[in-house]
Protein chains: 2
Amino acid sequence: MKPKPKLTLLAETFNVSVATVSNALSGKGRISPDLAQRIRDKAREIGYVPSSAGRALRTGRSGVLGLVLPDISNPLFPQIAQAIEQAASTRGYGVLIGDARGSSEGQSEAISRLMERGVDGMLVIPRRGTRVTDIRRPLAMIDSPSTPGNTVSADHRDGGVKMGAYLAELGHRHVLIVAMSSRSIVQADRIEGVKQGLGERARVELIFTDDIAEQDGSVGSLGLADYIARGVTAVATLSDLTALRALTELQGAGFSVPDRVSVTGFDDLIWSSAITPGLTTMRADMAEIGRLAVEALVKSIERPDQAERTESGTVKAKVDRVPMALVIRSSSGEARSAETQP
Amino acid sequence: MKPKPKLTLLAETFNVSVATVSNALSGKGRISPDLAQRIRDKAREIGYVPSSAGRALRTGRSGVLGLVLPDISNPLFPQIAQAIEQAASTRGYGVLIGDARGSSEGQSEAISRLMERGVDGMLVIPRRGTRVTDIRRPLAMIDSPSTPGNTVSADHRDGGVKMGAYLAELGHRHVLIVAMSSRSIVQADRIEGVKQGLGERARVELIFTDDIAEQDGSVGSLGLADYIARGVTAVATLSDLTALRALTELQGAGFSVPDRVSVTGFDDLIWSSAITPGLTTMRADMAEIGRLAVEALVKSIERPDQAERTESGTVKAKVDRVPMALVIRSSSGEARSAETQP
DNA sequence: ATTATCCGCTTAAACGATTAATCTATAACT
DNA sequence: AGTTATAGATTAATCGTTTAAGCGGATAAT
């Protein structure tokens, strides 16, 4: 059991001061190339690892970013977490997670906890309708382009437009949009997009699963059969989880997908490609979003002078929205022509 | 813009030394109750937050745990992450995430990164067949009771037994088990359990989706129709994702679930309750597992003398396995009697 | 010969908290 | 009165790193 190597140990073995060792390792200051190399070699050999606490205390930076999510159990979380962890670790930062547990108070608490832990900056995926305030550190917000203070996010409206246009092209003129929450900005943007993409001539109906759950008391049927009877040929959901509900409900009721009715989702979650039929959905380039958000945040941390801010005080990325991509699988197809309908 | 409050600021306003302030806030040392209270009030008023770097440097502890996962994109991740974040923050610890990105090298790198960040201990969900080594800090491992060094985990074998027994009780005598990887200890334990639960008399077939993917080249059909033709009345998958594949494949092929064939899953992932029919599955008490793992880890950090270790050096929890619970929904039902089969 | 310039390294002061050791009145006891 | 406890503070060291400033001595410029 050797003592954990510190700068002083290294300094002693070379009979130099710790300052020289520090310079050798950091590459700053003036030091003879030869000695510097020898110190670096030795450091690697004995497995020297700088103390993050010592460094943090001196430099005032911890090298850690906070990631605050509305609810970790949201199935979108893995995608975002992975993208951000990747982007952060590439840039030499660690990621501390904070769960809002579905409430605004939880969100505030999570933010406080992370602040107390000394994060250098924060990435927040806000709970709908919450304002993040009292942050004295750089903050990147990931929500939707139309959210005030949004740093970068998928262009949900664009995604909606693409999905709507795709369905229109397949001949769908009567579409049911199934959203979850009426208070989510993301969902609102998607709704708008889908409507626009479908065009003026299309007949569009809209339901919210949250409302159904409230009336119904539990997670029951969406009652899709009625809509199909009324002539709906496509069910455009705004999340893959809803798409899954719709798809299984329809399949269980004997409606063939996509022959009788098309079903589409959003977000390309893990199961979209595993089910039969494969789910046509809209994918966000999470890796890119994570990269941009982290890049902007890190820039704001390391070069506060050069970094731009939004009016809300959040950091500004090079672009504030990244386009979504249509992933066509087998759950969507041409609309059943009107005359062959029962 | 006031300067960030430190101990010295507090000390100055009360004309006492920083030591006194520190004592007042920590409750240690000797200090007059009155002054202590006044200091605490003032500290709250001006929003004093101790510097984690200063404290970490002095005490040698960061108050942060590392969480290493084989692959964040695994849909099981949200459950675990949420449970652990909750348990950790209850005990005053933060959670730093590390993604192994599916490889053993990635796992080693993730562990190194977290070590360099100065975590006090680590929670590792190991990639199958990897040994975690060279950790000079308390380590909790979450995998399966039969994994050497396992700290605590769901009792996967027990879950299998319960599922098998349940199916047997429903009259299923010919069951297809669909596993994913043949190299996963967790899955092996579940397989064993299901077989035992079904009993000697049952006829059991077993396939691995990884093998199919290799032969097939892509994520294709599981070919379940053949098995049903051969008399299989229940498909017991070892993960909800596989269950979803099976369920949709069967529904799409016109087999009624559960009338014609029962389908069961494992893990009670988010969609199990959203689909139609609701998926009968096996749930692990993640909150409890997280609690136990964090408790054991924290104990080992804060009272190294009292903490027990396994032979592998990992920390030992009060119990090393927590039972799984059968969640009966609508995807399972009585076996179709042999005579009514085609 | 004098001054200026660099190089290569050392000195020493932070950063902000914790804590063992010490000091000083005051209270308590004989 | 003299001794001893004790409460309530202070002093000062320490954690490990970074970094501005300084210091000889050699080389170059004037």
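It should be emphasised that the depicted structure is a prediction, and the values quoted were computed from it without experimental measurement. Only this structure's heavy atoms are used, side chains among them; waters, hydrogens and symmetry mates stay out.
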*Distance test, side-chain N/O of Tyr48(A) to OP1/OP2 of dT17(D), below 4.0 Å*: yes
_Would you say Arg55(B) places a side-chain N or O within less than 4.0 Å of OP1 or OP2 belonging to dT18(C)?_
yes
*Starting at the 5' end of DNA chain D, which residue's closest nucleotide do you reach first, Gly54(B) or Ser32(B)?*
Ser32(B)
*Leu9(A) CG to dC15(D) C1', straight-line distance once rounded to whole Å*: 16 Å
*Round to the nearest Å and state the distance from Leu57(A) atom CG to dA13(C) atom C1'.*
13 Å
*How long is the span from the CD atom in Glu109(A) to the CZ atom in Arg101(A), to the nearest 0.5 Å?*
7.5 Å
*Nearest-Å distance for atom pair CG/C1', residues Leu7(B) and dT18(C)*: 9 Å
*Among the candidates dC9(C), dT18(C), dT10(C), find the nucleotide nearest to the side-chain atoms of Ser17(A).*
dT10(C)
Polar pairs (N or O, both sides) under 3.5 Å between protein and nucleotides 19-26 of chain D?
from: dT19(D); atom 1: OP2; to: Lys28(A); atom 2: NZ; distance (Å): 3.3

*Glu116(A) bridged to Arg113(A) by N-O distance under 4.0 Å*: no
_Verdict with reasoning, Ile301(A) to Arg61(A), per side chain to side chain contact (heavy atoms under 4.5 Å, CB included)_ = CA-CA 9 Å; Ile301(A) 289 168; Arg61(A) 290 216 301 262; 3.6 Å; yes
*Quick one: label Asn15(B) by what it contacts on the DNA or RNA (base, sugar-phosphate, nothing), any heavy atom closer than 4.0 Å.*
sugar-phosphate
*Can you tell me how far the CG atom of Leu114(A) sits from the CG atom of Leu123(A), to the nearest 0.5 Å?*
10.5 Å
_Nearest atoms (heavy-atom pairs only) where Gly290(B) meets Ile84(B)_ = CA-CG1, 4.2 Å
_Between P of dA14(C) and CZ of Arg61(A), the distance in whole Å_ = 21 Å
*Salt-bridge contact Glu302(A)-Arg91(A) (side-chain N to carboxylate O under 4.0 Å)*: no
*Report the distance from atom CG of Leu10(A) to atom C1' of dT18(D), rounded to the nearest whole Å.*
15 Å
*Could you check how far CG of Leu25(A) sits from C1' of dG16(D), rounded to whole Å?*
13 Å
_Atom-pair distance (CZ on Phe14(A); C1' on dT10(C)), nearest Å_ = 17 Å
*Evaluate the side chain to side chain donor-acceptor pair (under 3.5 Å) criterion for residues Ser32(B) and Asp34(B): first the C-alpha distance (whole Å), next the side-chain angles of each, then the deciding distance (0.1 Å), finally the verdict.*
CA-CA 5 Å; Ser32(B) 72; Asp34(B) 169 57; 5.2 Å; no
*Ile31(B) CD1 - dC23(C) P separation (whole Å)*: 21 Å
